[in-house]
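Working notes, structure below.
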Amino acid sequence: MKSIVSVLTVLFAVFWMSLTSFAASGLPPGWTDDFAAAKSRAASEGKRILMVFSGSDWCGWCKKFDRDTLSKSDFVRPASKKFVLVMIDSPRDKSILSATARMLNPKLVAHYKVRGYPHYVVTDADGREIGRGSGYVKGGPKAFLSKLEQMSR
């Protein structure tokens with residue numbers, strides 16, 4: 001009985017750490033917050049970059065977009081074949097951002113002239129804009145993938 005309790009305690013601890021590490025990172029699985037690394041990776045893999053600008057801890061539509069689309073494997077898997085996925089978060093609680101994101105995200109918001117959230121920008125590997133959109137995209141992963149396909153032609 002004691003060993004079962006120990007095993008359950010360890011499993012719970014691992015589960016809890018995985019949840020808190022996701023929350024602490026502020027990123028959905030499959031996304032990065034390092035734009036410079038994303039540009040390098042996009043160039044080496046022949047991909048475009050999808051940047052999603054979010055207010056993850058205050059923007060209701062951003063939270064819904066993340067929950068319904070951005071963090072779904074039905075989106076991340078196919079999108080990752082064509083794009084390097086970059087989350088540019090502007091939370092109120094800056095402690096959930098990496099040091100790099102805390103420094104660069106406001107500059108990226110200004111550079112790409114983001115005025116509302118959620119907002120998304122498709123660029124080439126050098127960061128040159130190809131297309132953009134804003135607002136919650138209804139219809140889940142399939143609808144957003146279709147919109148991205150139209151934007152990046």
Side-chain angles (χ1 to χ4, degrees), residues 14-153:
V14 169
F15 172 73
W16 183 255
M17 286 189 306
S18 70
L19 285 178
T20 55
S21 68
F22 168 69
S25 75
L27 294 171
W31 292 74
T32 184
D33 64 356
D34 187 336
F35 186 59
K39 286 174 35 175
S40 176
R41 188 170 146 216
S44 70
E45 295 177 11
K47 295 180 180 179
R48 294 193 170 161
I49 297 169
L50 168 62
M51 290 185 290
V52 173
F53 294 82
S54 180
S56 68
D57 67 352
W58 60 269
C59 170
W61 288 111
C62 298
K63 292 177 185 181
K64 184 168 178 49
F65 197 26
D66 177 49
R67 186 174 55 249
D68 295 350
T69 302
L70 303 177
S71 63
K72 299 282 189 189
S73 62
D74 288 352
F75 173 75
V76 173
R77 233 186 348 258
S80 295
K81 292 177 183 174
K82 295 182 179 184
F83 302 98
V84 176
L85 306 176
V86 183
M87 182 64 62
I88 308 300
D89 197 7
S90 298
R92 286 189 179 123
D93 178 4
K94 304 298 185 214
S95 71
I96 67 174
L97 298 175
S98 69
T100 301
R102 271 193 302 275
M103 182 181 67
L104 293 180
N105 286 7
K107 293 176 184 175
L108 290 167
V109 168
H111 177 78
Y112 288 100
K113 297 177 177 67
V114 174
R115 302 286 183 250
Y117 297 92
H119 197 90
Y120 38 95
V121 177
V122 174
T123 73
D124 65 13
D126 292 321
R128 288 185 297 261
E129 185 175 325
I130 295 168
R132 69 171 47 226
S134 63
Y136 174 78
V137 178
K138 293 180 185 177
K142 193 172 187 175
F144 191 44
L145 287 166
S146 176
K147 187 171 194 95
L148 292 173
E149 184 67 34
Q150 292 170 2
M151 286 173 49
S152 51
R153 288 184 182 160

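Given the structure is predicted, the values throughout are model-derived calculations rather than measurements.
Remark: Arg115 engages no residue in a salt bridge (Lys or Arg N to Asp or Glu O under 4.0 Å) (not counting sequence neighbours). Residues passing the salt bridge (Lys or Arg N to Asp or Glu O under 4.0 Å) test with Asp74, sequence neighbours excluded: Arg77.
The heavy-atom pair separating Ser71 from Pro29 by the smallest distance is CB-CD, 4.4 Å. Considering every non-hydrogen atom in both Tyr112 and Glu129, the closest pair reads CD2-OE1, 4.2 Å. When all heavy atoms of Ala38 and Val84 are compared, the pair lying nearest together is CB-CG1, 3.6 Å. When all heavy atoms of Leu145 and Pro78 are compared, the pair lying nearest together is CD1-CG, 3.6 Å. Closest of all the heavy-atom pairs between Val122 and Leu50 is CG2-CD1, 4.1 Å.
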Does the side chain to side chain contact (heavy atoms under 4.5 Å, CB included) test come out yes or no for Tyr120 and Val137, once each step is laid out? CA-CA 11 Å; Tyr120 38 95; Val137 178; 3.4 Å; yes
Carefully, step by step, assess Tyr117 and Asp89 under the rule side chain to side chain contact (heavy atoms under 4.5 Å, CB included). CA-CA 10 Å; Tyr117 297 92; Asp89 197 7; over 6 Å; no
CA sep, side-chain torsions, deciding dist, call: Leu104, Phe35, side chain to side chain contact (heavy atoms under 4.5 Å, CB included): CA-CA 8 Å; Leu104 293 180; Phe35 186 59; 5.7 Å; no
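Put simply, NZ on Lys138 and CZ on Phe65 are 13.0 Å apart, with the number rounded to the nearest 0.5 Å. Here the CH2 atom belonging to Trp31 is positioned 4.5 Å from the CE atom belonging to Met87, to the nearest 0.5 angstrom. With rounding to the nearest 0.5 angstrom, the OG atom of Ser56 is 12.0 Å from the CD1 atom of Ile88. A distance of 11.0 Å separates NZ in Lys113 from NE2 in His119, rounded to the nearest 0.5 Å. Residue Arg48 holds its CZ atom at 14.5 Å from CG of Leu85, rounded to the nearest 0.5 Å. Between the CZ atom in Arg92 and the SG atom in Cys59 there is a gap of 9.5 Å [rounded to 0.5 Å].
With hydrogens and angles ignored, the 3.5 Å screen pairs a side-chain donor or acceptor of Trp58 with a backbone N or O of Ser90. The backbone N or O of Arg128 lies less than 3.5 Å from a partner atom in the side chain of Asp124, making a donor-acceptor pair. Remark: side-chain polar atoms of Ser44 are paired, donor with acceptor, to backbone N or O of Arg41 under 3.5 angstrom. Although no hydrogens or angles enter the test, the distance criterion places no donor-acceptor pair under 3.5 Å between the side chain of Asp68 and the main chain of Gly140. The backbone N or O of Leu97 sits less than 3.5 Å from a side-chain atom of Arg102, completing a donor-acceptor pair. For the pair Ser80 (side chain) and Val76 (backbone), a donor-acceptor distance under 3.5 Å is present. Listed for the Lys94 side chain is a donor-acceptor partner under 3.5 Å among the backbone atoms of Pro91. Using a distance-only test at 3.5 Å, with no hydrogens or angles considered, no donor-acceptor pair links the side chain of Arg132 to the main chain of Val114. Under a 3.5 Å cut-off, the side chain of Asp33 and the backbone N or O of Ala101 do not form any donor-acceptor pair.
By the neighbour-count criterion of 12 heavy atoms within 6.0 Å, atom NZ of Lys72 is sparsely surrounded, having that number or fewer from other residues, nucleotides or ligands. Atom NZ of Lys47 is surrounded by more than 12 heavy atoms from other residues, nucleotides or ligands within 6.0 Å.
Taking 4.5 Å as the limit, every side-chain heavy atom of Ile130 sits out of range of all side-chain heavy atoms of Met151. Pro118 places a side-chain heavy atom less than 4.5 Å from the side chain of Cys62.
Ring geometry for Tyr136 versus Trp61: interplanar angle of 30 to 60°, hence tilted.
Neither side chain, Thr100 nor Asp34, offers a donor N or O lying under 3.5 Å from an acceptor on the other.
For an aromatic pair to be called close, the ring centres must be under 6.0 Å apart, and Phe144 with Phe75 satisfies this.
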